[in-house]
Enquirer: 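One structure coming up, written as structure tokens, with questions to follow.
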Amino acid sequence: MDVDFSPIIENWRFFAGGLGVTVLLSVVSAVTSILSGLVIALLRLYGPRWLSRVLVFYVDTMRAIPILVVLVWIYFAFPLLAGVTFPPFWAALVGLTLHIAAYASEIIRAGIESIRPGQTRAGLALGMSRAQILRKIILPQATIRMLPAFGSVLTMAIKDTAIATVIAVPELMHRAETVAGQSYRPVEVFTTVMVLYFLVLFPVTRIVDRMYQKLAHLGRS
Amino acid sequence: MTSATPQGTAPAARARKGADQPPVLVYENVRKLYGDFVALNGVSLQVNKGEVMCLIGPSGSGKSTLLRCTNALETLNGGRVLLDGIPLPTRETEVRKVRQRMGMVFQSFELFPHKTALDNVAMGPVTVLGMSEADARKRAMVLLEKVGLESKAGNFPANLSGGQQQRVAIARALAMEPEVMLFDEPTSALDPETVGEVLNVMKKLAQEGMTMIVVTHEMSFAQRVANWVVVFENGAILEEGPPAQIFEHPTVARTRDFLGHLGWNG
Amino acid sequence: MNFDWNVIWTHRGALWDGALMTVGLTVLTMLLAVPGGILLALMRLSSNKLLSSASLAFVEFFRNLPLILVIYWAFYVMPIAFDVQFSALTTALVALVLNVSAYNAETFRAGINSIRKGQMEAALAMGMSRRQAMFKVVIPQAARRILPVLASTWISLFKDTSLVSVIAVSELAYTSMQIRAQTFRVLEMLTAMAAIYWLMGYPQAKLVDWIHKKYGVKE
């Protein structure tokens, strides 16, 4: 078995560009997912009943449908319905956010609910408004507990960006396929890309594990 | 380094319960380290047959550690423990046999939540002694009657009060027909109302002649039921002797301090 | 813009087969990945340094890679490594089983470790062997905690089977997209694909919720 890593070395800029897109897409979609998740969670907890039901349906739907299906539908099918086309990157961003925000909203909802009701009552007794209580008492405490879970939102985003290859987003996975196809050296290419993904993901999962350990003592406040 | 252990006045030592027979347990210079922390600093002690020995002292003084070294839940860093004159083995299979001869009751009861009270008590005989389920259950029922809980035989631990759980735990330990019973702060995790019911069971056991080593903070129990009291401090024995000596005229000043701190005025 | 929703009905046979393949892959993978995960967890918990490190490395490897990449990599490497031509289905199964075993290993390990040390001590103090203590005391309790997590892993697996479409395994996603390519009915087929996944996935999601509620940790 002869091994030839030259296609990778020659195309290192191409791969670097792909890695850059991966990182960009992951970070941006993680952020948009968490922010959207926050909005969804708050609407579910404090909004009108009917909206709550709609949002529950949305969250459960995202649990049922694979992200591949969501991405493909947004990129290929949505334009036919709405007459608008998305460039691949943006289609991926929308699709990833749609899918991951559902997961993020559940994390945030659980985080907020884990704060003892006594904390809210204490705030009310001091004369604070509900919004103030949320901002100053509940969210700060909840956020600390949710940090490790947010970390796993990031790892999820990074892994899911690789799926965006099917809608031709020029991220690392897509670049790998291109070079592998052109050079007929799939083993070397995919092995290298594996190492690259591992190097990106390993620190993040390590930090998440560390955070979970540090916060293990918190449980219910 | 051996600990200084004033063994009490000579007549008291001679009159010590079980002194006419060889001791059940002997600790020779037992050392135990946790990293840099010296939990036991060369402790030497003997436990006589039929004796109720109470280990008292501040938290972290080594009393629980010594108990756990007795049935090899902790390994020693120095010295040895002898049961009936034979040192504790190191091989897992032989250690198990030794553990069968000792019963242990834990501060947190540690009943198995997925089994009823009856099955908790029967578990040892079935799993370890190879008894049939039917025979084990019969034995378990007798023991539950002994601790006053035959009506709760079908209850799961979640439906028992702390005191009830601890009594079941005592029955569970007795089911193995041990020679020695080890109690690790058996009432520390109990509500004050239920402490009494557990201490009563322990008193009954003592009256029946069971050899018992009890790590406890219940000073009145130690004073009334124990035959021998050992005071620990910083991994060593401060003083030991009959309850009358320890509680009424301790020979070591620091013993007086410790008891004074507990608000013990005799 | 005209839409021909009939195309879904016309191809219902192929779609049905695709859905069956999706379910089949999920079931078969889990059947293999549960023992796989148990084996890895036991290796990790053993006192043998070699076994424990090997298990740790395996789990870390799969936790830190996108599954789609593992699928591609398996597709190209397996024929070379074993000098045999594997079907895409076999490759897909291998990639899925290895991936899910790694996650299951963590689930089993965390479940077992979550049982208080005192339970093991109480069992040992009675004279039980470590193995007896594990099987009679620790594992029965751990199982209660493990089941809800396993249920969540199942649902993730169900969705992840769609990824093997990239190596042309005829599960639901691949089949739907093939029909799309043949008939040019993009909106109809992609919507049908989403709808069928939803029909299969939604009840599973609700079942997982029920399991979480029933077996939620009560200390």
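None of these values were measured; they are calculated from a predicted model. Residue numbers begin at 1 in each chain, while the letters A, B, ... track the order of the sequences.
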Enquirer: Less than 4.5 Å to any heavy atom of chain C: does that hold for the side chain of B:F112, its backbone, both, or neither?
Expert: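 Both parts, backbone and side chain.
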Enquirer: Give, as side chain, backbone, both or neither, the part of B:R68 having an atom under 4.5 angstrom from any heavy atom of chain C.
Expert: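 For B:R68, side-chain heavy atoms alone lie under 4.5 Å from chain C.
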Enquirer: Would you mind checking which part of B:Q100 comes under 4.5 Å of any heavy atom in chain C, side chain (CB onward), backbone (N, CA, C, O), both or neither?
Expert: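 B:Q100 touches chain C through backbone and side-chain heavy atoms alike.
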Enquirer: Determine the minimum heavy-atom distance between C:K136 and B:H114, stating which atoms define it.
Expert: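 Heavy atoms only, the tightest pair is O-NE2, 2.9 Å.
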Enquirer: Check whether C:Q119 reaches the backbone of B:L111 with its side chain - one donor and one acceptor, N or O, closer than 3.5 Å.
Expert: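 At least one qualifying donor-acceptor pair exists.
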Enquirer: Would you check if C:V137 and B:K115 make a side-chain contact, meaning some heavy-atom pair closer than 4.5 Å?
Expert: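 No, every pair of side-chain atoms sits at 4.5 Å or beyond.
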Enquirer: Is it true that atom CG of C:D83 has more than 12 heavy atoms of other residues, nucleotides or ligands lying nearer than 6.0 Å?
Expert: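 At most 12 heavy atoms, drawn from other residues, nucleotides or ligands, come within 6.0 Å of this atom.
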Enquirer: Quick one: list whatever passes side-chain hydrogen bond (donor to acceptor under 3.5 Å, both in side chains) with B:H217, sequence neighbours left out.
Expert: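 side-chain hydrogen bond (donor to acceptor under 3.5 Å, both in side chains) check on B:H217 returns B:E185.
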Enquirer: At a 4.5 Å cut-off on heavy atoms, which part of B:M102 comes close to chain C: side chain, backbone, both, or neither?
Expert: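 The answer is the backbone of B:M102.
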Enquirer: In chain order, what residues pass the side-chain hydrogen bond (donor to acceptor under 3.5 Å, both in side chains) check against B:S64, with sequence neighbours excluded?
Expert: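 Residues passing side-chain hydrogen bond (donor to acceptor under 3.5 Å, both in side chains) with B:S64: B:D184.
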Enquirer: For C:Q141 versus B:P113, what's the shortest heavy-atom pair and its separation?
Expert: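 Scanning both residues completely, I find the closest heavy atoms to be OE1-CG, 3.1 Å.
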Enquirer: Pairs under 3.5 angstrom only: tabulate donor-acceptor contacts from the side chains of residues 55-64 of chain C to other protein residues two or more places apart or in another chain.
Expert:
{"unit_1": "C:S55", "atom_1": "OG", "unit_2": "C:L40", "atom_2": "O", "d": "2.7"}
{"unit_1": "C:E60", "atom_1": "OE1", "unit_2": "A:R206", "atom_2": "NH2", "d": "3.4"}
{"unit_1": "C:E60", "atom_1": "OE1", "unit_2": "C:N64", "atom_2": "ND2", "d": "3.3"}
{"unit_1": "C:E60", "atom_1": "OE2", "unit_2": "C:R63", "atom_2": "NH1", "d": "3.1"}
{"unit_1": "C:R63", "atom_1": "NH1", "unit_2": "A:D209", "atom_2": "OD2", "d": "3.1"}
{"unit_1": "C:R63", "atom_1": "NH2", "unit_2": "A:D209", "atom_2": "OD1", "d": "3.1"}
{"unit_1": "C:N64", "atom_1": "OD1", "unit_2": "A:T205", "atom_2": "OG1", "d": "2.6"}
{"unit_1": "C:N64", "atom_1": "ND2", "unit_2": "C:E60", "atom_2": "O", "d": "2.7"}

Enquirer: Considering only heavy atoms, give the residues of residues 121-133 of chain C separated from chain B by less than 4.5 Å, sorted numerically, with 'none' for an empty result.
Expert: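 So the qualifying residues are C:E121, C:A122, C:A123, C:L124, C:A125, C:M126, C:G127, C:M128, C:S129, C:R130, C:Q132.
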